[in-house]
Asks: 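Below you'll find the structure I mean.
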Amino acid sequence: MSEIREARLLKANSLINKGFEPYAETFKISHSTRFLNEKFGYLDNGQEFDLNVSLAGRVLAKRVMGKIAFFTITDQEGKIQLYLEKRIIDDYEINAKLLSFEDLKEIVDIGDWIGVFGTIKKTNKGELSIKVSKWEMLSKSLQPLPDKWHGLTDIEKRYRQRYLDLIVNPLSKTVFKTRAKCISLIRRWLDEKNFLEIETPILQSEAGGAEARPFITHHNTLDIPLYLRIATELHLKRMVVGGFEKVYELGRIFRNEGVSTKHNPEFTSVEIYQAFSNYIDMMNLTEDLIKNIVLSCCDSLVINYQDKVIDFSKPWKRISMKNVVKEYTGIDFDSFDGDLNKAKKFSEEINIEISPKINTLGRLLNEVFEQKVESQLIEPTFVTDYPIEISPLARRHPKNKEMVQRFELFIAGRELANAFSELIDPVDQRQRMQLQQSLRDAGDLEAHCIDEDFLQALEIGMPPTGGLGIGIDRLVMLLTNSSSIRDVIPFPLLKPELTSNKSEKSTSNEVK
RNA sequence: GGGUCGCUAGCUCAGCGGUAGAGCAUCCGGCUUUUAACCGGCUGGUCCUGAGUUCGAAUCUCAGGCGACCCA
């Protein structure tokens with residue numbers, strides 16, 4: 001292992017001794033591998049095209065046959081073969097004191113970045129290649145790459161050393177391209193509809209807007225605790241109070257909770273607020289936006305996700321929480337006349353685990369939904385009309401005071417979006433926050449706290465508004481057919497590895 | 001939080017009480033149309049960590065670390 005490193009350091013030094021730089025400053029590229037593959041794919045076997053090109057990439061394979069060699073190099077968008085002939089390269093070398101064919105064989109290792117000049121040639125066997133006349137070392141790699149055939153399969157290593165994963169697993173690269181495309185599409189879609197992107201604070205003296213525990217940090221000179229935001233909601237609503245009718249924020253949210261295939265402590269969401277709208281309008285907006293993204297990223301509204309087929313093209317199902325629970329479990333929460341014990345008895349019969357925290361009919365309804373229904377909602381489904389006690393920021397439902405105008409969107413058994421008709425009545429909002437605060441005082445660390453400044457803003461007056469939050473990571477999981485949220489986050493949170501106190505020795509061949 | 005499984009060469013894996021193994025990569029030699037190039041030769045190990053059982057442990061037991069999956 002360290003022998004490989006030593007040998008490669010020697011090679012780097014030998015370049016220096018020949019008067020070349022193992023770590024180049026720049027290299028001027030004329031084309032990408034993708035462009036050349038698209039443009040010259042039509043050439044017949046053995047045919048050449050006299051276009052001078054320069055391109056750069058990482059060496060992925062070396063096939064040396066004495067006085068001729070074939071390397072495969074890869075750049076961001078693809079691969080191409082290099083056709084390397086001793087006679088051609090060494091002809092140039094004599095004239096211009098360049099690196100020789102022998103150097104190419106001896107000094108270049110798999111993993112190195114090199115730059116080449118040459119022309120286009122399709123080999124006799126039909127592989128489009130660069131017929132190389134001269135070459136340069138751009139960056140000497142000191143460590144071996146994973147197996148060229150099996151790649152890197154150890155999931156932990158793929159996360160911890162994402163750079164290796166990206167080099168040897170091409171699918172990993174496409175995941176992050178799709179992620180970037182998805183985020184850019186969301187911004188463009190919203191910007192075109194005149195939504196204004198806002199940047200609200202990440203460091204806050206109270207973390208509000210969601211039921212979650214925050215990360216705590218400390219500001220030294222002010223000597224106060226600060227919390228990382230758990231939502232962008234309360235600040236975006238302040239912007240609506242201030243007169244911005246359509247706002248959004250796409251950014252990182254931090255929640256101090258468990259890690260799973262569906263949860264990373266920091267994740268990306270987009271929250272969208274639109275004045276003069278209610279949750280029905282936000283439902284329509286959600287359906288439009290997500291269909292647009294799916295079509296752009298997957299070229300179809302019907303996609304495969306894991307072993308399921310998900311059809312986004314039909315109008316998405318809209319069903320109330322009570323009705324969907326009735327449909328999937330047979331339990332009719334309207335039949336209990338507010339009798340919690342009766343409802344618990346029915347729920348226990350279908351093996352619902354009921355924690356002491358479940359002390360109202362609404363919480364029980366939500367619990368039954370989460371335990372028995374959620375995972376079965378594969379096709380896009382809007383579940384509407386949530387219990388008021390788990391929705392302290394949502395507007396009361398006009399037809400049922402125990403419910404609010406809220407929906408969550410479920411796809412592939414997972415929550416993807418959450419939205420309400422926002423609660424804009426400052427008196428009602430104060431009562432709800434006070435109730436939350438009392439739960440918090442009683443020890444519920446996830447309950448909301450009173451945000452006086454937010455209440456003050458509502459008293460100044462907020463227009464009727466619809467609000468929506470979409471989990472970007474989970475959306476990208478669908479778009480890229482990824483089973484774990486960690487597959488769509490370049491550097492997911494992992495426990496630190498114990499570092500061995502193996503001291504780094506022998507730097508004798510270190511390039512200075 | 002509970003359960004199951006995994007951790008052995010740079011990578012992918014075998015070995016499951018008796019000298020630490022293979023393929024690829026590396027290193028040396030050969031080769032002017034290969035593409036998992038090929039042919040010949042050589043190297044490479046804290047078997048995740050620690051303790052125990054044993055004449056003897058990668059292998060069995062216990063504790064710990066990290067990860068994956070399932071359940072809650």
Side-chain angles (χ1 to χ4, degrees), chain A residues 1-11 33 37 44-48 59-74 78-91 101-102 104-112 121-132 140-161 163-165 167-169 257-263 306 351-355 357-358 367-368 370-372 374-375 413 482-487 492-503:
Chain A
M1 174 179 82
S2 64
E3 287 96 31
I4 291 177
R5 185 165 178 273
E6 291 292 316
R8 292 193 175 194
L9 281 169
L10 285 172
K11 291 175 182 179
T33 62
N37 280 314
D44 293 329
N45 291 3
Q47 193 184 350
E48 301 195 18
V59 176
L60 279 192
K62 276 176 79 180
R63 295 180 290 277
V64 179
M65 266 136 286
K67 297 187 178 61
I68 188 173
F70 299 91
F71 288 9
T72 303
I73 63 166
T74 176
K79 296 177 185 179
I80 201 159
Q81 178 171 266
L82 305 181
Y83 172 84
L84 303 151
E85 203 179 323
K86 179 175 167 63
R87 186 179 49 78
I88 299 169
I89 291 171
D90 287 357
D91 270 3
F101 183 78
E102 247 2 78
L104 197 65
K105 281 182 3 185
E106 302 287 322
I107 296 176
V108 177
D109 287 301
I110 290 172
D112 292 353
K121 171 189 174 77
K122 198 167 228 180
T123 61
N124 299 345
K125 294 280 167 62
E127 179 81 20
L128 186 71
S129 308
I130 307 301
K131 185 175 170 185
V132 174
K140 182 71 201 156
S141 165
L142 301 182
Q143 302 277 350
L145 290 184
D147 190 291
K148 64 185 168 191
W149 187 241
H150 300 97
L152 193 64
T153 61
D154 182 328
I155 291 179
E156 184 179 353
K157 268 188 189 121
R158 289 184 50 211
Y159 297 151
R160 288 196 198 273
Q161 294 180 270
Y163 39 91
L164 288 179
D165 180 40
I167 293 165
V168 299
N169 297 330
E257 38 194 45
V259 174
S260 79
T261 49
K262 290 178 264 184
H263 300 91
Q306 305 297 302
N351 300 318
I352 303 291
E353 302 236 346
I354 303 174
S355 76
K357 208 181 157 182
I358 309 301
E367 199 62 25
V368 174
E370 286 185 359
Q371 288 185 35
K372 293 291 170 189
E374 178 171 343
S375 66
S482 301
S483 61
S484 168
I485 197 168
R486 292 186 198 118
D487 293 329
L493 186 79
L494 298 173
K495 275 199 181 182
E497 282 178 306
L498 289 172
T499 47
S500 63
N501 39 7
K502 215 195 303 180
S503 57

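These numbers come from the heavy atoms of this one structure, side chains and all, not from hydrogens, waters or symmetry mates. Chain letters run A, B, ... following the sequence lines, proteins first, then strands; residues in each count from 1.
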Asks: With respect to Ser129(A), which candidate in Lys122(A), Lys121(A), Gln81(A) satisfies the side chain to side chain donor-acceptor pair (under 3.5 Å) definition?
Replies: Gln81(A)

Asks: Closer than 4.0 Å, any side-chain N/O of Lys11(A) to the OP1 or OP2 of U26(B)?
Replies: no

Asks: With a cut-off of less than 4.0 Å, is there a side-chain N or O of Lys157(A) near OP1 or OP2 of C11(B)?
Replies: yes

Asks: What stem regions, each of at least 3 consecutive Watson-Crick or G-U pairs below 3.5 Å, can be found for RNA chain B?
Replies: B:1-7 with B:65-71, B:10-13 with B:21-24, B:27-30 with B:38-41, B:48-52 with B:60-64

Asks: Kindly write out the residues that satisfy salt bridge (charged side-chain N to carboxylate O under 4.0 Å, His left out) with Lys131(A), not counting sequence neighbours, or none if the list is empty.
Replies: Glu48(A)

Asks: Taking only residues two or more places apart in sequence, or in another chain, which ones meet Phe70(A) in a ring pair (Phe, Tyr, Trp, His ring centres under 6.0 Å)?
Replies: Tyr83(A)

Asks: Using the test side chain to side chain donor-acceptor pair (under 3.5 Å), find all partners of Thr123(A) that sit at least two apart in sequence or belong to another chain.
Replies: none

Asks: If the condition is side chain to side chain contact (heavy atoms under 4.5 Å, CB included), which residues does Thr72(A) pass it with, not counting sequence neighbours?
Replies: Ala61(A), Arg63(A), Lys79(A)

Asks: Taking only residues two or more places apart in sequence or in another chain, which ones pass salt bridge (charged side-chain N to carboxylate O under 4.0 Å, His left out) with Lys105(A)?
Replies: Glu102(A)

Asks: Under 3.5 Å, which N/O atoms of the protein pair with N/O atoms of nucleotides 20-25 of chain B?
Replies:
| residue | atom | partner | partner atom | Å |
| --- | --- | --- | --- | --- |
| G23(B) | N2 | Asp147(A) | OD2 | 2.9 |
| C24(B) | O2 | Asp147(A) | OD2 | 3.4 |
| A25(B) | OP1 | Lys148(A) | NZ | 3.1 |

Asks: Residues in salt bridge (charged side-chain N to carboxylate O under 4.0 Å, His left out) with Arg160(A), at least two apart?
Replies: Glu156(A), Glu497(A)

Asks: In whole Å, I'd like the distance from the NZ atom of Lys262(A) to the P atom of A68(B).
Replies: 15 Å

Asks: Quickly work out the Glu156(A) CD to C5(B) C1' distance and round it to whole Å.
Replies: 14 Å

Asks: Could you say whether Pro146(A) or Arg63(A) is positioned toward the 5' end of RNA chain B, judged by the nucleotide with the nearest heavy atom to each?
Replies: Pro146(A)

Asks: Rounded to whole Å, please give me the gap between CZ in Arg5(A) and C1' in A9(B).
Replies: 18 Å

Asks: Please list all pairs meeting salt bridge (charged side-chain N to carboxylate O under 4.0 Å, His left out) that have one or both residues in residues 140-151 of chain A, counting only residues at least two apart or in different chains.
Replies: Asp109(A)-Lys140(A), Asp112(A)-Lys140(A)

Asks: Which listed nucleotide (A68(B), U33(B), C11(B)) is nearest to the side chain of Tyr159(A)?
Replies: A68(B)

Asks: Can you tabulate the close N/O pairs, meaning under 3.5 Å, that link protein atoms to atoms of nucleotides 69-72 of chain B?
Replies:
| residue | atom | partner | partner atom | Å |
| --- | --- | --- | --- | --- |
| A72(B) | O3' | Glu353(A) | OE1 | 3.4 |

Asks: Could I get the full list of salt bridge (charged side-chain N to carboxylate O under 4.0 Å, His left out) partners for Lys262(A), not counting sequence neighbours?
Replies: none

Asks: With rounding to the closest Å, how many angstrom separate the P atoms on A72(B) and U61(B)?
Replies: 29 Å

Asks: State which of C27(B), U32(B), G67(B) makes the closest approach to the side chain of Asp109(A).
Replies: C27(B)

Asks: Please name all residues satisfying side chain to side chain contact (heavy atoms under 4.5 Å, CB included) with Ile354(A), sequence neighbours left out, ordered by chain then number.
Replies: Lys344(A), Ser347(A), Glu348(A), Ile352(A), Ile358(A), Leu364(A)

Asks: Can you identify which nucleotide, out of G67(B), U33(B), G44(B), has its nearest atom closest to the Lys495(A) side chain?
Replies: G67(B)

Asks: Between Gly66(A) and Leu493(A), which has a closest nucleotide on RNA chain B that is more 5'?
Replies: Gly66(A)

